[in-house]
Amino acid sequence: MKAIRTFAIRPVLSEQLAPLDRLATNWRWAWSDETKALFASMDPAKWEEVGGNPEQLLGVLGQERLDALSQDAHFVARVRAEAERLEAYLRDDRWYQGLEGDKPAHIAYFSPEFGVDGTLPQYSGGLGILAGDHLKSASDLGVPLTGVGLFYRAGYFRQSIGDDGWQRESYPLLDPYSLGLTLLRDTEGAPVEIVLDLPADRRLAARIWVAQIGRVPLLLLDADTPTNPDDLRQVTDRLYGGGGEHRLLQELLLGVGGVRAVRAWCELTGTPNPEVYHTNEGHAGFQGLERMSELIVEAGLSFDQALAQVRASTVFTTHTPVPAGIDRFPRDLVTTYLRSPLFTALPAEPALDLGLESYPGGDPHVFNMAVLGLHLGQHANGVSLLHGAVSRRMFGSLWPGVDTDEVPITSITNGVHAPTWVHPALTGLSERVFGDVHTDRHDWRSREVVSDQELWGVRTQMKQELVAEARRRLGAAARSAGNAAVPAWIDEILDPGVLTIGFARRVPTYKRLTLMLRDPERLTRILTDPERPVQLVIGGKSHPADDSGKILIQQLVKFSRDPRVRGRIVFLPDYDITLAKTLYPGCDVWLNNPLRPLEACGTSGMKAALNGVLNLSILDGWWDEWYDGKNGWAIPTADTAASDEERDDAEAAALYDLIEHQLVPRFYERTGGVPVGWLDMVRQTMTDLGKKVTSDRMVRDYVTRLYVPSTVNERALRADDFAQARSLAAFVSRVRSAWGSVAIAHVEGSDATTRASTGETLEIEASVRLDGLSPDDVAVELVYGRTDEDDVIGADHSAVALQAQGPPVDGVIPYRGVLPLQITGTFGYTVRVVPRHPFLVSPVELGLVTYAG
């Protein structure tokens with residue numbers, strides 16, 4: 001018979017072993033090799049059985065085993081030492097505590113998914129893993145951050161591959177108690193619930209699970225509570241499992257409910273309310289509307305004043321250069337919720353305008369969550385330099401009249417959490433030769449410090465583990481499919497001595513999973529070369545509703561089962577964090593071949609690089625930024641191809657050429673059994689990229705470049721009963737009303753503009769009509785730089801302010817400035833007028849620019 005409910009009954013921990021409870025429920029164990037080793041030693045077989053989750057291990061060990069361990073003096077001493085190490089980690093000052101000057105007392109970080117560990121399946125891919133790494137580095141650096149997300153009872157999905165090669169999904173239900181989560185309770189011990197009032201007199205309630213990620217709490221809202229009717233209990237059923245109103249309810253719960261959960265958390269723990277709200281993609285955009293509602297009700301601010309205050313304290317990160325990756329909802333559906341009791345204090349129409357695609361090329365009947373995020377976030381960024389440029393083009397219509405290169409979206413390139421992703425064997429080598437595990441400070445290039453034999457030995461060990469794991473997974477998949485016996489060939493797939501190329505990621509079509517199959521005969525020859533073979537290890541999941549992605553997986557799986565190549569190419573099912581930790585280090589090369597420029601960042605290659613794996617990639621995302629010719633290979637992009645087919649053919653041919661003529665010779669050229677030339681590139685990768693690709697660097701960038709400036713503005717606008725927020729809102733209203741009449745009547749340049757040499761000066765006079773605005777309201781700027789053949793001033797232009805020369809005459813104010821000429825070559829300039837206010841972070845933030853002519 002089948003149980004209607006299951007739960008774990010934990011044994012009682014003795015006084016000697018009591019610290020295990022805290023060690024198991026603080027997710028720092030996920031990146032502490034010492035803590036994992038401690039739990040694994042309690043019962044290695046059961047540790048593997050529960051997937052390496054300490055809380056689940058304690059639930060299955062049994063009282064007898066725990067009682068025996070409590071009498072083991074050596075084990076008890078290890079428990080005490082680990083507990084003291086965790087306590088010091090949580091207590092001692094870290095990087096953030098030594099940061100001088102203004103800094104936020106608390107930051108709320110919203111994301112629809114968090115990838116902390118494979119045993120907490122609340123992520124689908126790179127966005128969630130990035131969010132998990134952000135929390136871990138914030139913890140390591142001492143940044144006072146709280147994560148806010150949803151708890152999905154079935155997570156994303158588990159993947160299996162049928163005999164026909166088709167992806168199949170399953171959704172095992174998760175027990176939050178057995179995952180190491182704690183239910184947030186009030187001072188009376190009752191579960192805390194936040195409630196959202198919905199249209200038609202319905203109410204959506206959610207409880208709050210807390211996952212302690214080192215020093216960082218992660219609040220996960222769960223709608224599966226008895227307070228809700230059955231349909232609303234399903235709101236948090238699956239990650240990305242539904243569309244339309246179901247998805248909208250998830251995002252309302254994440255944004256509106258997330259703010260309320262943070263308020264409850266702060267009140268119960270004495271934590272100060274956040275000064276910065278960081279939204280990781282647009283899914284949590286409604287958090288800004290909820291905070292505006294609070295300000296309108298509690299502080300008596302107007303809509304525009306509340307908007308100014310919320311914008312100052314909001315950081316928005318866009319992660320996708322693909323419009324299909326942005327959540328968009330029907331205007332009428334969103335209007336229904338904006339007019340409901342959920343937002344009673346918020347005027348519906350101006351709130352709706354913040355997300356509508358009411359710009360040229362947009363659909364005014366659609367509410368766009370990225371547009372909402374950009375309107376609510378005074379600080380916005382893409383996740384690589386190239387992605388920042390793509391985002392400025394993609395969203396430039398929100399700032400009409402602003403040159404693309406000046407659209408106020410900056411870039412902070414993603415990073416990955418080194419303690420999570422660096423293989424323990426490499427960590428051990430780092431400790432032996434450098435004295436610590438901080439890979440971003442090490443120079444691996446000296447053979448006197450690290451010999452070729454040592455480095456190659458560790459690389460070989462990691463490859464051997466990957467081969468063993470691939471055989472185990474394929475064998476397990478065969479058994480679960482009902483095969484009476486595992487095919488003998490599975491025990492012979494892959495070879496740790498063969499050049500190994502890895503490829504694993506989500507499977508939307510633009511990532512081109514099957515580009516490697518463009519010429520199957522040529523690929524077969526490369527894989528099966530009798531003297532210098534190559535092998536491919538591949539993983540990835542397609543969204544359950546994406547049949548085009550499933551077709552790509554099916555094509556690749558069918559090719560991998562061809563007897564001619566099946567020992568040299570494998571598709572590993574159910575790609576997740578657990579598999580990734582073996583897959584990345586176990587490859588020699590990491591392949592990435594998206595359609596440029598559709599890869600926002602591509603952090604999988606970063607994780608590989610930290611383990612000494614060389615990248616073979618299209619120049620997209622982070623690779624476009626940090627490829628140097630010594631740390632891997634760039635696949636040429638066929639940008640001038642006449643069609644997608646021609647482009648794929650050309651780029652696949654280039655991929656084959658690189659493998660055959662550059663990768664293979666360098667890998668198989670040996671001195672004393674070691675590929676010395678190959679290791680030169682490995683050393684360069686680990687040294688140079690090791691300093692750049694870490695999430696510690698990324699979080700430090702967020703703190704210094706976005707969080708701190710946001711805090712400075714937020715505090716200034718909030719002071720004295722929001723005096724500056726009121727002033728800024730009045731300024732914006734006044735400037736917007738008058739801007740249509742702002743004009744540059746005349747510009748006059750000195751003789752230097754006809755023929756000039758460096759060292760001379762350019763004198764400029766401009767007559768500007770401000771139509772009621774004062775000179776304090778605007779900046780009149782001389783913009784200059786090198787020009788192209790179309791007289792367009794380049795993106796690296798500069799600007800200097802011109803000064804008002806007196807009161808207006810007939811409504812016109814004269815401005816004047818002098819510029820020393822230092823640029824050689826073709827030079828151009830123009831004059832423009834932009835709004836000026838101390839709390840605008842960009843001169844074009846309001847999208848108001850008037851140019852001469």
Side-chain angles (χ1 to χ4, degrees), residues 1-83 86 115-122 151-158 160 170-183 209-213 220 222 224 424 468-469 472-473 475-477 479-480 574 576-579 581-582:
M1 67 186 72
K2 185 176 178 61
I4 61 170
R5 187 180 178 191
T6 60
F7 55 93
I9 301 176
R10 281 184 53 177
V12 177
L13 294 174
S14 66
E15 181 180 352
Q16 297 94 318
L17 301 186
L20 287 174
D21 185 66
R22 192 180 192 195
L23 289 169
T25 54
N26 189 306
W27 288 79
R28 181 175 177 266
W29 65 258
W31 68 96
S32 170
D33 291 340
E34 295 90 348
T35 309
K36 285 187 284 189
L38 172 71
F39 281 106
S41 70
M42 297 173 75
D43 190 318
K46 282 190 168 60
W47 176 252
E48 292 294 325
E49 181 183 312
V50 299
N53 182 290
E55 186 72 8
Q56 293 182 18
L57 177 73
L58 294 178
V60 300
L61 263 183
Q63 192 68 54
E64 184 177 346
R65 175 59 177 159
L66 285 168
D67 289 344
L69 286 169
S70 69
Q71 302 304 310
D72 183 334
H74 175 68
F75 182 78
V76 170
R78 288 179 65 193
V79 170
R80 186 163 51 248
E82 278 305 303
L86 174 61
V116 176
D117 185 74
T119 60
L120 185 62
Q122 301 292 303
F151 181 74
Y152 305 96
R153 286 282 172 162
Y156 190 42
F157 69 88
R158 302 296 303 273
S160 60
S170 60
Y171 295 89
L173 293 180
L174 303 173
D175 175 12
Y177 288 105
S178 68
L179 295 176
L181 306 183
T182 303
L183 193 61
W209 296 99
V210 183
Q212 194 64 39
I213 316 299
L220 299 172
D222 180 10
D224 188 12
E469 177 64 11
R472 186 196 69 78
R473 282 196 174 233
R479 285 188 290 272
S480 66
D574 207 25
D576 63 358
I577 288 177
T578 303
L579 173 57
K581 288 182 179 181
T582 302

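In what follows, residues are counted from 1 in the order of the sequence shown.
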Reported [atom1]-to-[atom2] distance for the pair [X] and [Y], which is rounded to 0.5 angstrom:
{"X": "Leu17", "Y": "Leu61", "atom1": "CG", "atom2": "CG", "answer": "10.0 Å"}
{"X": "Ser41", "Y": "Arg78", "atom1": "OG", "atom2": "CZ", "answer": "4.0 Å"}
{"X": "Glu34", "Y": "Arg28", "atom1": "CD", "atom2": "CZ", "answer": "7.5 Å"}
{"X": "Glu82", "Y": "Thr35", "atom1": "CD", "atom2": "OG1", "answer": "4.0 Å"}
{"X": "Asp576", "Y": "Asp117", "atom1": "CG", "atom2": "CG", "answer": "9.0 Å"}
{"X": "Thr25", "Y": "Glu55", "atom1": "OG1", "atom2": "CD", "answer": "6.5 Å"}

Closest heavy-atom contact between [X] and [Y]?
{"X": "Ala24", "Y": "Trp29", "answer": "O-NE1, 3.4 Å"}
{"X": "Val60", "Y": "Lys46", "answer": "O-CE, 3.4 Å"}
{"X": "Lys581", "Y": "Ala30", "answer": "NZ-O, 3.7 Å"}
{"X": "Leu181", "Y": "Ala211", "answer": "CD2-CB, 3.4 Å"}
{"X": "Phe157", "Y": "Asp574", "answer": "O-OD1, 4.1 Å"}
{"X": "Leu174", "Y": "Ala154", "answer": "CD1-C, 4.4 Å"}

Going by heavy atoms in the side chains, are [X] and [Y] under 4.5 Å from each other?
{"X": "Arg158", "Y": "Pro172", "answer": "yes"}
{"X": "Val12", "Y": "Gln63", "answer": "yes"}
{"X": "Phe39", "Y": "Leu23", "answer": "yes"}
{"X": "Asp222", "Y": "Leu183", "answer": "no"}
{"X": "Trp209", "Y": "Leu179", "answer": "no"}
{"X": "Gln16", "Y": "Phe75", "answer": "no"}
{"X": "Val79", "Y": "Val76", "answer": "no"}
{"X": "Leu58", "Y": "Met42", "answer": "yes"}

Under a 4.0 Å N-O cut-off, is there an ion pair linking Glu469 with Arg472?
yes
My understanding is that only residues two or more places apart in sequence, or in another chain, count here; which of them pass ring pair (Phe, Tyr, Trp, His ring centres under 6.0 Å) with Trp31?
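Ring pair (Phe, Tyr, Trp, His ring centres under 6.0 Å) list for Trp31, sorted by chain: His417.
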List the steps, then state whether side-chain contact (heavy atoms from CB on, under 4.5 Å) holds for Phe151 with Arg153.
CA-CA 6 Å; Phe151 181 74; Arg153 286 282 172 162; 3.8 Å; yes
